[in-house]
Amino acid sequence: MALALQAPQVPALLPVPSTVSWRDGRMPLDSTLTVAIVGHRDPRLERAVGRALRRLEARLVQPLPRAIGGEATAKLVVRVGNAGYAVPDLREDESYTLDVAGGRATLAATTVVGAIRGLETLLQLHEVRDGTHWLREATITDQPRFPWRGLLVDVGRHFHPPEVMRRILDGMASVKLNVLHWHLTEDQGFRVESRAFPKLHQLGSDGEFYTQDEIRALVAYAADRGIRVVPEFDMPGHTTAWFVGHPELASAPGPYAIERKWGVFKPTMDPTKESTWRLLDAFIGEMTTLFPDRSWHVGGDEVDPAQWNGSPTIQQWMAQRGLKDAHALQTAFNTRLFTLLAKHGRSPVGWDEILTPDLPREAVIQSWRGSNYLVDAAKQGRQAILSAPWYLDHIKTSGEMYLEDPLPAGHGLTPAQQALVLGGEACMWAEYVTAETVESRIFPRIGAIAERLWSPASVRDVPDLYRRLEVASRHMAEAGPTHEEHTARMVRRFASGEDAEFFTQLLDYARPRGFAGRGTNQLSPLTRVIDAARPDPWTEWRMVALAEAARSGDDEAGRMLMSQFGLMRAFPDMVRTMEGRHPLARDVIPVAGALGELGAIGEELLGHRMNGTSPSPARAAAIDSALTRLVGKTFGLLRPVGGEAVKRLR
């Protein structure tokens, strides 16, 4: 089915560049490809060129010259003006131009980071025609729409070891993301080695933390790919893990233990003790030696005031200073925290709860409860980034997230206020992901968000996104992430033989339910069928494409779609045959039943289309009622795929 949909088209560039002028010619790729670096040259640029060539080698299945040669004979010329910032910076010039013509590719950029972005586009121009490898000839001028294009990775709730983080960084670089927001502390874990306060990681992490050497290595790995690392140490709430080793920081007596459940909890830092501030001062000073980025995320979200309200000492302290409620106390906490950050040369970033009139001007607001907070911040003259529509753990499809925008229609911002909107971040919270599953939840959907933050706002064609994203997913996997083999790998954990084949096949037609409601905690093994499912299976968009073609009279598309509906209709019987022998069959019984109904309705509607007939009014009403009950709904832990194609036939 996939091959039938892939008519000859322009290369699958993602993110779409600012301007592209295609030519008819193609530049052949073979073992004679030579490279020259002109102008500025440094080890980071050389490593970036080397990584690109190694990926090309793997595609060509033959070695390419390792030496950097002279410009006169080179087939790939990389021309760079300067190194750019020593530490990746919000102000980095990431623009580049790429010209492929007359048997030569010329990549020009002001900075090394711009060249790194251009090399990714160069790799996307590769295609294979008639058994020969080529670069499609084109002239490309490109630069990002927003300077802050990030991904939050939560390692507090479930720890992701360094090798997973490296693969995530490689996948980010492949779609030109430039900020890793590293959520390092939570109620469920403190993940950074502190030599000044070793009880923080020794008692608050279950032994799962990054050593300082590992952090420095990961920060350097990110910088090599033009990616900033912004650490988040959430406070004054979401801090239970801090208090396991240092209960004196808390607003109520301990002892404390690492939290195993999910939610918002009462333990909160005590801002009235000078000892709290002495520890934070020393801790921030220590961490700035690991994280060179000027931005420092303070968290600041979901603070439960119970401990503050229940402490006579804290209430007396507030009364003496005229602080009328917990919100005022958190504002006072933030004010002093921001002063500490300034002392250590850092600027705060925080969740939208920190937005107050006396917030430091350089603070960045991360809008997570709704786009309105981003608009409010910009109207107050403050910088802001958007995350609200891009929570990857909510299991939205790529298409749903793609059409969201940091500057939505009707935002009402002036040009000066729009300039304060720096971009956005997708968020990968880790209640329901482990190191085994996290890459499958990030990739490839992150490509849709990366394009929204890089490409012109006018790029909004969802079917074309899916066409390009399927190709880009393979490029991401080539760079590092393991998402492409995720389902088959996890199914092999709990099934074999025909059972494994069935689970794998069914999961082409099902995706996980949204956030929450799974009844798990931090110690639960996340190895059920839902964990093996992909958030946005390719089957959905392929079937929609076939349905649109069938509506237009394409009989071959109709026959292919009818085959898909027949398979869906057979799923309930297939589950029943294995129910007695496989314990996890019960996980898919509900969704198999829904798929069976959708398949039968699809066959019926497609038959009417192909025969030029229509269902009776009564039958049409019954079908509409069934589709309302089935499409987009959750059955057990899974949601059926294919319903949108059925709706297109209605």
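Index from 1, following the sequence. Treat the numbers as computed from the prediction; the structure is a model and nothing was measured.
- The distance from the CG atom of Asp154 to the SG atom of Cys427 is 9.5 Å, given to the nearest 0.5 Å.
- Distance check: Ile601 CD1 to Leu605 CG gives 7.0 Å after rounding to the nearest 0.5 Å.
- Residues forming a ring pair (Phe, Tyr, Trp, His ring centres under 6.0 Å) with Tyr373 (at least two apart in sequence, or on another chain): none.
- By the 4.0 Å N-to-carboxylate-O rule, Asp464 lies close enough to Arg467 to be salt-bridged with it.
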(Q) Could you walk me through whether Glu232 and His181 satisfy the side chain to side chain donor-acceptor pair (under 3.5 Å) test, starting with their C-alpha distance in whole Å, then the side-chain angles of each, then the deciding distance to 0.1 Å, before giving a yes or no? (A) CA-CA 7 Å; Glu232 179 181 354; His181 172 173; 2.7 Å; yes
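- The distance from the CZ atom of Arg59 to the CZ atom of Arg474 is 10.0 Å, given to the nearest 0.5 Å.
- With respect to the salt-bridge test (charged N to carboxylate O, under 4.0 angstrom), the residues Arg511 and Glu540 do not qualify.
- Within the structure, salt bridge (Lys or Arg N to Asp or Glu O under 4.0 Å) contacts touching residues 632-642 (residues at least two apart or in different chains) do not occur.
- Inspection of the Arg445 and Ser398 side chains reveals no N or O donor paired with an N or O acceptor under 3.5 Å.
- Under the ring pair (Phe, Tyr, Trp, His ring centres under 6.0 Å) criterion, Phe565 pairs with no residue, sequence neighbours left out.
- Ring centroid separation for the pair His238 and Trp429 does not come in under the 6.0 Å cut-off.
- The distance between the ring centers of Trp368 and His297 does not fall below 6.0 angstrom.
- Between the side chains of His486 and Thr437, not a single donor N or O lies within less than 3.5 Å of an accepting N or O.
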Q: May I have the step-by-step check of side chain to side chain donor-acceptor pair (under 3.5 Å) for Asp536 and Tyr466, ending in yes or no?
A: CA-CA 10 Å; Asp536 194 5; Tyr466 275 108; 2.6 Å; yes
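- The salt bridge (charged side-chain N to carboxylate O under 4.0 Å, His left out) with Glu120 is formed by just one residue from the set Arg51, Lys176, Arg55, Arg225; it is Arg55.
- Among residues two or more places apart in sequence or in another chain, the side-chain contact (heavy atoms from CB on, under 4.5 Å) test is passed with Glu501 by none.
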Q: Begin from the C-alpha positions of Ser387 and Gln366 and carry the test side chain to side chain donor-acceptor pair (under 3.5 Å) through to its verdict.
A: CA-CA 7 Å; Ser387 285; Gln366 187 161 5; 2.9 Å; yes
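- Checked against ring pair (Phe, Tyr, Trp, His ring centres under 6.0 Å), His201 has the following partners two or more places apart in sequence or in another chain: Phe209.
- Applying the side-chain hydrogen bond (donor to acceptor under 3.5 Å, both in side chains) test to residues at least two apart or on different chains, the pairs with a partner in residues 582-592 are Arg528-Asp587.
- To the nearest 0.5 Å, atoms CD (Glu186) and CD1 (Ile258) are separated by 12.5 Å.
- Shown are Arg609, Arg542, Arg648; of these, the salt bridge (charged side-chain N to carboxylate O under 4.0 Å, His left out) with Glu548 is made only by Arg648.
- The distance from the CD atom of Glu193 to the OG1 atom of Thr211 is 6.0 Å, given to the nearest 0.5 Å.
- Every residue two or more places apart in sequence or in another chain that forms a salt bridge (charged side-chain N to carboxylate O under 4.0 Å, His left out) with Arg54 is listed here: Glu57.
- Not one N or O on the side chain of Asn178 forms a donor-acceptor pair closer than 3.5 Å with the backbone of Ile227.
- Judged as a salt bridge (charged side-chain N to carboxylate O under 4.0 Å, His left out), and not counting sequence neighbours, Arg191 has no contacts.
- Arg492 meets the side-chain contact (heavy atoms from CB on, under 4.5 Å) test with Ala488, Arg489; sequence neighbours excluded.
- Surrounding CD of Glu302 are more than 12 heavy atoms belonging to other residues, nucleotides or ligands, all under 6.0 Å away.
- Nearest heavy atoms, Leu507 versus Val529: CD2-CG1, 3.8 Å.
- In this structure, the ring of Trp182 has its center less than 6.0 angstrom from the ring center of Tyr210.
- For His394, the ring pair (Phe, Tyr, Trp, His ring centres under 6.0 Å) partners are Tyr391, Phe515, not counting sequence neighbours.
- Classified by interplanar angle (parallel below 30°, tilted 30° to 60°, perpendicular above 60°), the ring pair Trp541/Trp538 is perpendicular.
- Classification of Lys261 and Asp187 as a salt-bridged pair fails, no side-chain N sitting under 4.0 Å from a carboxylate O.
- With values rounded to the nearest 0.5 angstrom, Arg513 atom CZ is found 10.5 Å from Ile395 atom CD1.
- The environment of Arg493 atom CZ is sparse: at most 12 non-hydrogen atoms of other residues, nucleotides or ligands sit within 6.0 angstrom.
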Q) Could you go step by step and tell me if Thr613 and His608 meet the side chain to side chain donor-acceptor pair (under 3.5 Å) rule? A) CA-CA 5 Å; Thr613 59; His608 282 299; 2.6 Å; yes
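- Contact detail for Ile168 and Val153: the closest heavy-atom pair is CG2-CG2, 4.3 Å.
- Taking all atoms of both residues into account, the shortest heavy-atom contact from Val491 to Ala532 is CG2-CB, 4.2 Å.
- For Glu484, there are no salt bridge (charged side-chain N to carboxylate O under 4.0 Å, His left out) partners two or more places apart in sequence or in a different chain.
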Q: Quick one: do His183 and Trp351 satisfy ring-ring contact (aromatic ring centres under 6.0 Å, His included)? Show the steps, please.
A: CA-CA 12 Å; His183 187 84; Trp351 302 106; 7.4 Å; no
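- Remark: the backbone N or O of Gly189 is not paired with any side-chain donor or acceptor of Asp206 at under 3.5 angstrom.
- Screening residues 394-403 for salt bridge (Lys or Arg N to Asp or Glu O under 4.0 Å), with sequence neighbours left out, gives no hits.
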